[in-house]
Colleague: 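Take this structure, written in structure tokens, and hold onto it; I'll ask about it next.
Fair warning: this is a prediction, and the values are worked out from it, not measured in the lab.
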There are 2 protein chains.
Amino acid sequence: MATSYQHQKAGDLNFLKRLNRSAILEMVRRVPGLTRADIATQAQLTKATVGSGVQSLLNQGWLKEGDLQKSSGGRPGRALHLNDDRHYLLGAEVGVHRLRLVACAPSGKVLEALHEPFVPTTPESTAALLAELLQQLMRSPAVAQRENLGIGVALPGPIATGDAVLRRAPNLGWQDVRFLDLLHPHLPELKGVWLMDNEAKSAAFGELYFRTGKIPESLLYVSAGTGIGSGLAEGSHSPLLTRGVQGLAGEIGHTILQPGGHYCHCGNRGCAETLVSGWSIRATLGIDEKDDLIQTLEPRLQEPEVTLTLRRAGEALGMLLLNLHHTQNPAEIVLGGSLTQLGNTFLEPALTYFEANQHRLLGTTQRVPLRVVEDSTFVAARGAAAQVLARAIHGPELS
Amino acid sequence: MATSYQHQKAGDLNFLKRLNRSAILEMVRRVPGLTRADIATQAQLTKATVGSGVQSLLNQGWLKEGDLQKSSGGRPGRALHLNDDRHYLLGAEVGVHRLRLVACAPSGKVLEALHEPFVPTTPESTAALLAELLQQLMRSPAVAQRENLGIGVALPGPIATGDAVLRRAPNLGWQDVRFLDLLHPHLPELKGVWLMDNEAKSAAFGELYFRTGKIPESLLYVSAGTGIGSGLAEGSHSPLLTRGVQGLAGEIGHTILQPGGHYCHCGNRGCAETLVSGWSIRATLGIDEKDDLIQTLEPRLQEPEVTLTLRRAGEALGMLLLNLHHTQNPAEIVLGGSLTQLGNTFLEPALTYFEANQHRLLGTTQRVPLRVVEDSTFVAARGAAAQVLARAIHGPELS
DNA sequence: AGAGTATGTTCAAGCTGTTTACTTAGTCGT
DNA sequence: ACGACTAAGTAAACAGCTTGAACATACTCT
């Protein structure tokens, strides 16, 4: 249930063993079908060490053996795979207008999902509602016979490292909420990892951690919804998230993009959110808080006023992306959040601006891919589940 | 001589031993006067392990024993200190108008320094000149009888992780320079660690790594000179630097701060450097490239045009700092570079803007300290030396 | 069928951290 | 001044993990 992260400086033999087991598990997770010999080569371990480590992971049900591989002149190796049938992870996102829940297999496959509209209330009643939905999810047949590894909750506001407090969620009207402490009494039987994190950071983590094939060395997730935030995940083995001392890292909605510009709800002037965000688009077009932004705008996309507003917002987003490129320089940028549903009127100016300017400093040597998530509904919830898995693999759970 | 950094996933017993030795050494370095018992408690190791580790570090000359500490009811512990007399580190910075060199003790104390004006030429002749100055430094009495641990070079441009190439240095007119490969033939006798890094990143590393007492969990160094760049160092044990895939992380001079603003030399419009930077101040006030900016402006600080220009630049810097606060949220910000010598006309607006706005999102719970370096002349060179020490402590050198 | 080659396993050996008991060096109380 | 007490540091036996070398296994090529 603790979320603090112990910075490991020194270690004993047990630590070394766990380190090696984790490394093996991560490698097979990332590259399904790896053989013991492949692992020994890549991890710089001996065949014997890998053999015993794999055996123990097989016994614990983390791995399973697959087919024999094609021989390359000698005895063929046996393929190893993550055992995707034994465990599951719970991930939830408390959004501004929605609760989203997933149960994931260790591979990241979504086993069951729930998507409930909700009107923000107190943290306490939200926790009660979420607990009820989680229990509903856990009773579903695809999940019920698996072993749970823990639960992760993604929230729309800054959360500092090592302290499970949501400092402020302006769009929920919450402040200093220890959400896990509120949720735990409703789910006392739920053991394993308990964690909470910022929504964009969970999303970034999940997009990187559940990736297979060629894995970028870092990934930035930009979440464009009512507000706008970002998360940076780095490192392929077990990605690290940049949270900042106060959890404010990624609060890009409040970076200044137009000095002396409009007032933001934070009290400052010219914040990026005054140019791109659900609330600023609402304000510009006079759309009521109670109406769904996307549904309201969909039939009005041809109106010149709407087109102009979305184009301007899109261009501001492009600048914001370029600023992140020149501040954090991630290997890949992923764009998600409800505003991506506004389509090309909004997205095209952002993508165009970024493409036109990303090579200003170094020429066209290496392109940073910018990808728009097709459906970002469960990205943050799935990301929180990914964080649970990472914690389980690298924590004391693995014996 | 290799600069690539192997991401350690798995390890053997030797790795574990080195890890523990490094941890002990780091702890004593950070808190001089620690006893074996203190180390055992903090590092979660047994007395016996610490004892043998310390013994080996004493034998190798990394540590030395000090006085007995005050007893707290039992046998007093013996204080341990970093042996500051045995080794030294070389650090150099190739600036736009200056070469700066230092030889440091492991504590970070500058033993000898050199500061030479220079006019940018080819990489080759710069390497030759630098090598000559380095040899001069190594012959000085305070250094000559110590053992060298390696050399680090800080350069004004992006350098990607794991690849010792300076991609572009616009203010030097260099491109794709493997500077270490040019320097090495002139100093074949120099063994140990060889590395190069971006100037602001070296500075950030050094400011964090050589700190004693209360150590911030992360530190952002902003270098304001001809151009403007930043570096973020994180983690107290052995700080990590964020470089980005292409080494563009921290290129904050080219973040957009004024959409549709003036053209930048990068070809884009509204970059922060068009508002704050040595070159933009020169351009606004019509100061020739050949004249020293600081010396030219010092007698003119009362002129309304100068005051206005510097105030505007300072305010833009304040916004840039706030943007970094809301993007990276470091635990401490350090401001350096030649422009800091312009004094309060320039600095005061920056500091005021930052102080006035840093609490917009969370209230005044926790203040992020913003410090201006008194004399930033050797900060980057000393930081490069710090990187050498860290590489030596955590690399294979420690047996 | 037999040689060749690479995978995976077994087991004694070596190394590292731990445990336990002991020595050492102070303080406190009488 | 002496002894009881406390905590730091050390020595030796012990436990656990990785290693190295020999061996068993499984496929291909001739």
Colleague: Can you measure A:Leu80 atom CG to C:dT7 atom P for me and round it to whole angstrom units?
Modeller: 13 Å

Colleague: Report the distance from atom NZ of A:Lys70 to atom P of D:dC29, rounded to the nearest whole Å.
Modeller: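 About 11 Å, once rounded to whole Å.
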
Colleague: Distance check needed: C:dT16 P versus B:Asn14 CG, whole Å only.
Modeller: 6 Å

Colleague: Quick check with a 6.0 Å cut-off and a 45 degree axis cone: is A:Arg30 positioned over the face of A:Phe210's six-membered ring?
Modeller: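 Judged by the rule, A:Arg30 and A:Phe210 form no cation-pi pair.
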
Colleague: Which listed nucleotide (D:dG16, C:dT18, D:dT19) is nearest to the side chain of A:Ala48?
Modeller: D:dT19

Colleague: Does a side-chain N or O from B:Arg78 land closer than 4.0 Å to OP1 or OP2 of C:dA25, or not?
Modeller: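 It does not, given that no N or O in the side chain of B:Arg78 lies less than 4.0 Å from OP1 or OP2 of C:dA25.
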
Colleague: Under 4.0 Å between any heavy atoms, over every strand shown, what does A:Thr35 touch: base, sugar-phosphate, or nothing? Just pick one.
Modeller: sugar-phosphate

Colleague: Please work out if B:Gly73 contacts a base, only the sugar-phosphate, or nothing of the nucleic acid, heavy-atom cut-off 4.0 Å.
Modeller: base

Colleague: Whether the side chain of A:Arg75 and the base of C:dT5 hold a donor-acceptor pair under 3.5 Å is what I'd like checked.
Modeller: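 No such pair is found, so the answer is no.
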
Colleague: Please tell me which of A:Gly74 and A:Glu65 maps to the more 5' nucleotide of DNA chain C, matching each residue to the nucleotide holding its nearest heavy atom.
Modeller: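 Final value for this comparison: A:Gly74.
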
Colleague: Grab the NZ-P distance between A:Lys17 and D:dT18 for me, whole Å please.
Modeller: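 Going from A:Lys17 (NZ) to D:dT18 (P), I get 8 Å.
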
Colleague: Do the numbers put B:Arg29 on top of the ring of B:Tyr209, so that NZ or CZ is under 6.0 Å from the six-membered ring centre and no more than 45° off the axis?
Modeller: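 Yes, a cation-pi geometry.
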
Colleague: A:Pro76 or B:Arg36: which one's nearest nucleotide on DNA chain D is closer to the 5' end?
Modeller: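 Taking each residue's closest nucleotide, the earlier one in sequence belongs to B:Arg36.
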
Colleague: Salt bridge or not between B:Glu65 and B:Arg36? Use side-chain N to carboxylate O under 4.0 Å.
Modeller: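 Salt bridge: yes.
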
Colleague: Given C:dT18, is OP1 or OP2 found less than 4.0 Å from the side-chain N or O atoms of B:Thr46?
Modeller: yes

Colleague: Measure CG/A:Asp67 against C1'/D:dC27 and give the value in whole Å, please.
Modeller: 15 Å

Colleague: Does a side-chain N-to-carboxylate-O contact under 4.0 Å join A:Arg21 and A:Glu26?
Modeller: no

Colleague: Whole angstrom is fine here: how far is it from CG in A:Leu34 over to C1' in C:dG8?
Modeller: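 Atom-to-atom, A:Leu34 to C:dG8, this comes out as 15 Å.
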
Colleague: By nearest atom, which of the nucleotides C:dA25, D:dT19, C:dC15 is closest to the B:Leu13 side chain?
Modeller: C:dC15

Colleague: Do other residues, nucleotides or ligands put more than 12 heavy atoms under 6.0 Å from the CG atom of B:Asp67?
Modeller: no

Colleague: What is the distance, rounded to the nearest whole Å, between atom CD1 of B:Ile24 and atom P of C:dT16?
Modeller: 13 Å

Colleague: Measure CD/A:Gln55 against C1'/D:dC17 and give the value in whole Å, please.
Modeller: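 Nearest whole value for this atom pair: 16 Å.
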
Colleague: With the side chain of A:Lys47 defined as its heavy atoms from C-beta on, choose the nearest nucleotide among D:dC27, C:dT7, C:dT16.
Modeller: C:dT7

Colleague: Which nucleotide, C:dT18, C:dG26, D:dT18, lies nearest any side-chain atom of B:Leu45?
Modeller: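 Selected nucleotide: C:dT18.
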
Colleague: Within less than 4.0 Å of OP1 or OP2 of C:dT16, is there a side-chain N or O belonging to B:Asn20?
Modeller: no

